[in-house]
Number of protein chains: 2
Amino acid sequence: MSQADVPQPGVERRAQEPLGPYVVEDQVGFLLRRAHQRHAAIFLETMARHDLTPTQFTALIKTVELGRVTQNLLGRLVAMDPATIQGVVRRLVDRALIARALDPMDRRTTVLIPTDAGFALAAKAVVAARAITAATLAPLDPEERTQLTALLRKLG
Amino acid sequence: MSQADVPQPGVERRAQEPLGPYVVEDQVGFLLRRAHQRHAAIFLETMARHDLTPTQFTALIKTVELGRVTQNLLGRLVAMDPATIQGVVRRLVDRALIARALDPMDRRTTVLIPTDAGFALAAKAVVAARAITAATLAPLDPEERTQLTALLRKLG
DNA sequence: GGGGGGTCATTCGTGTGCAAATGATCCGGT
DNA sequence: ACCGGATCATTTGCACACGAATGACCCCCC
C-alpha cells in the first residue's frame, strides 16, 4: 500500500462526500443479504433430512394450514411471485407432498391440497423449523430477538 | 371457515404444541426473505439507469475502494462464494467496469482493477445507493433504523 | 349477449446462491 | 528436489427470484 492509497481522513474528502463516507458493509441491503444467507445456510443444514428448502417449507406449511388454496393466492400469502411459486409447487407435487385439483368454479386455477405425506412431513418439519429460528437468533439476547422481529415486520 | 378450523386457543393444543403455535409469517427467516426482497425491488428500480444489481454494485464499489483485489478475496469481503463472484465479476468485466490483470507472484489468481469507467460509474452509483438505503429504511423512525442495522450486524 | 379489461398459470431469459468436482498452481516439510 | 495438502478460478447442476410475454379463462358493463 502506497501513501497515496491511504489519505488522511476527513479533510478534502468531506467536501465531496457531504453525507459522510459510504461503507457498503454497513448498509441495510448488505446486512440483509448477509443475514438472509446465514439463515438459509442454517435452514439447509437443519432441514437436510427432510430435504426441504426454505421456500418449499413455507409453501408446504401454508398449504397444510389452509387445507386448500389456489396457486397464485398461495404465492401472495408467502411472498412469491407467480413465476417462482410455480416451480416451488411443481417440486412439491413431484414429491407427492401436495396434489393438484380442478376447480369447477374457475377453470383457470389449480387448487392445491396437501397429501397425507405432506401433512406428515409438515408436522416433522415444524419441529426442525423451531430449531432453525432459534439457531438463527442465537447471537441475540431475548430482548433483541423480539426487537429484530418487530423491526423486520415493520419494514414490510 | 368452519368452527373446527378456529379452535379455542391454548387449551388442548398446548399439549401437542408446548412451544406455542408456529406462525410461519412471524419467523425470522420469512421476515428476512421479505425484507431482502423489498430491498432488492427498491434497489433495482432506483439503480435502473445505472443498470447495476445489488451484488454487482457491491463488488464494483469494493473493487474501487481497494483499487486492486484478487477475485476470491473480493468474494470473501462482500460475502459471495467463488462460484457466485465469478459470474458477477464476469459481467462487470464484460461491461469494462473492471479489468483483469496477471499476478506475476501467483499464477493462479487474477487481479481485478477498476477501469476509469468503473470509477466514474461507482461515484454516480453511490449517490443512488444512499437513496436506496434511505428508501429501504423509510418505514422506520431514526432510532429504529440504528437498532435494525446494529441487530443485523450482530446477527453475523 | 358480446366485448374488453382483468386474472390465472406457464414459459423464457437473466441474475444470484451454493455444493461439488476439476485442473492449475502454490508452499511447507522432509 | 519433491510431494502432499492447501488455495485459486472455473464449471456443472439445482433452486430461488423477477420482468415480460402468452394463452386460457373470468366477469362486469354497455
Side-chain angles (χ1 to χ4, degrees), chain A residues 29-30 32-45 47-48 50-60 69-95 98 100-112, chain B residues 29-30 32-45 47-48 50-60 69-95 98 100-112:
Chain A
F30 183 84
L32 280 173
R33 185 169 60 86
R34 299 250 302 122
H36 183 246
Q37 281 176 13
R38 175 167 166 276
H39 171 264
I42 292 171
F43 193 106
L44 264 284
E45 186 187 339
M47 199 63 89
H50 299 314
D51 197 28
L52 286 175
T53 64
T55 58
Q56 287 167 14
F57 168 76
T58 304
L60 175 60
V69 221
T70 274
Q71 183 170 299
N72 273 23
L73 175 58
L74 175 61
R76 280 194 295 272
L77 293 174
V78 297
M80 303 179 202
D81 78 7
T84 300
I85 197 70
Q86 195 274 337
V88 175
V89 164
R90 179 171 47 75
R91 287 173 203 103
L92 293 175
V93 169
D94 286 349
R95 289 171 60 185
I98 63 181
R100 297 186 206 269
L102 294 180
D103 183 349
M105 293 293 90
D106 188 342
R107 282 189 293 168
R108 292 170 304 174
T109 73
T110 45
V111 177
L112 305 175
Chain B
F30 183 85
L32 280 174
R33 185 168 61 86
R34 299 256 296 128
H36 182 247
Q37 282 176 13
R38 175 167 167 278
H39 171 263
I42 292 171
F43 194 106
L44 264 284
E45 186 187 340
M47 200 62 90
H50 299 313
D51 197 28
L52 286 175
T53 64
T55 60
Q56 288 168 12
F57 168 77
T58 304
L60 174 61
V69 222
T70 275
Q71 183 170 299
N72 273 23
L73 175 57
L74 175 61
R76 280 194 296 273
L77 293 174
V78 297
M80 303 180 203
D81 78 7
T84 300
I85 197 71
Q86 195 275 336
V88 176
V89 165
R90 179 171 48 72
R91 286 173 203 106
L92 293 175
V93 170
D94 286 350
R95 288 171 61 186
I98 63 181
R100 297 186 206 270
L102 294 179
D103 183 348
M105 293 293 89
D106 188 342
R107 282 188 295 168
R108 293 170 304 176
T109 72
T110 44
V111 177
L112 304 175

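Each chain gets a letter, A, B and so on, in the order the sequences are listed, and its residues count up from 1. No hydrogens, no waters, no symmetry mates; every other heavy atom, side chains included, goes into these values.
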Counting only side-chain nitrogens and oxygens, does [X] get under 4.0 Å of the OP1 or OP2 atom of [N]?
| X | N | value |
| --- | --- | --- |
| B:Q37 | D:dC18 | yes |
| A:R90 | D:dA15 | no |
| A:T84 | D:dC16 | no |

Polar atoms only, N or O, under 3.5 Å: list the protein pairs with nucleotides 4-7 of chain C and their distances.
residue	atom	partner	partner atom	Å
C:dG6	N2	A:R108	NH1	3.3
C:dT7	O2	A:R108	NH1	2.7

### Message
Under 4.0 Å, counting only non-hydrogen atoms across every strand here, what does A:R91 touch: a base, just sugar-phosphate, or nothing?
### Response
sugar-phosphate
### Task
Using a 4.0 Å heavy-atom cut-off across all strands, classify A:D81 as base, sugar-phosphate, or nothing.
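Result for A:D81 = base.
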### Query
Looking at residues 50-59 of chain B, who's got a heavy atom less than 4.0 Å off DNA chain D?
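None, since no heavy atom is under 4.0 Å.
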Could you give the [atom1]-to-[atom2] distance, from [X] to [N], as a whole number of Å?
| X | N | atom1 | atom2 | answer |
| --- | --- | --- | --- | --- |
| A:H39 | D:dC16 | NE2 | C1' | 14 Å |
| B:H36 | D:dC18 | NE2 | P | 10 Å |
| A:F30 | C:dT16 | CZ | P | 15 Å |
| A:F43 | D:dA15 | CZ | P | 14 Å |
| B:M47 | D:dC18 | CE | C1' | 18 Å |
| B:M80 | C:dC18 | CE | P | 10 Å |
| A:D106 | C:dC8 | CG | P | 8 Å |
| A:L112 | C:dA9 | CG | C1' | 11 Å |

#### Entry: Net bend of the helix from C:dG1-D:dC30 to C:dT30-D:dA1, end axes of five pairs each, nearest 10 degrees
10°
With a 4.5 Å limit on heavy-atom distance, are the side chains of [X] and [Y] in contact?
| X | Y | result |
| --- | --- | --- |
| A:L112 | A:T70 | no |
| A:T55 | B:R33 | yes |
| A:M47 | A:H50 | yes |
| A:I85 | A:Q71 | yes |
| B:I98 | B:L60 | yes |
| A:V93 | A:R90 | no |
| A:L92 | A:L52 | yes |
| A:R95 | A:R91 | no |

#### Entry: First encountered from the 5' end of DNA chain D, between A:A79 and B:V111
B:V111
### Query
Which atom names give the shortest non-hydrogen contact between B:L44 and B:P54, and what distance separates them?
CD2-CD, 3.7 Å
### Task
Write down the atom of B:A79, the atom of A:F30, and the distance for their closest heavy-atom approach.
CB-CZ, 4.5 Å
### Message
Please pick, from D:dG19, C:dT10, D:dT11, the nucleotide with the shortest atom-to-atom distance to any side-chain atom of A:Q86.
### Response
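So the nucleotide nearest the side chain must be C:dT10.
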## Note on the structure
Of the candidates C:dC18, C:dC12, D:dA17, the side chain of A:A83 sits closest to C:dC12
### Task
Check the side chains of A:D106 and A:T109 for a donor-acceptor pair under 3.5 angstrom, ignoring hydrogens and angles.
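No, no side-chain donor-acceptor contact under 3.5 Å.
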### Message
Is there a side-chain contact (heavy atoms from CB on, under 4.5 Å) between B:V111 and B:R100? Walk through the geometry before answering.
### Response
CA-CA 6 Å; B:V111 177; B:R100 297 186 206 270; over 6 Å; no
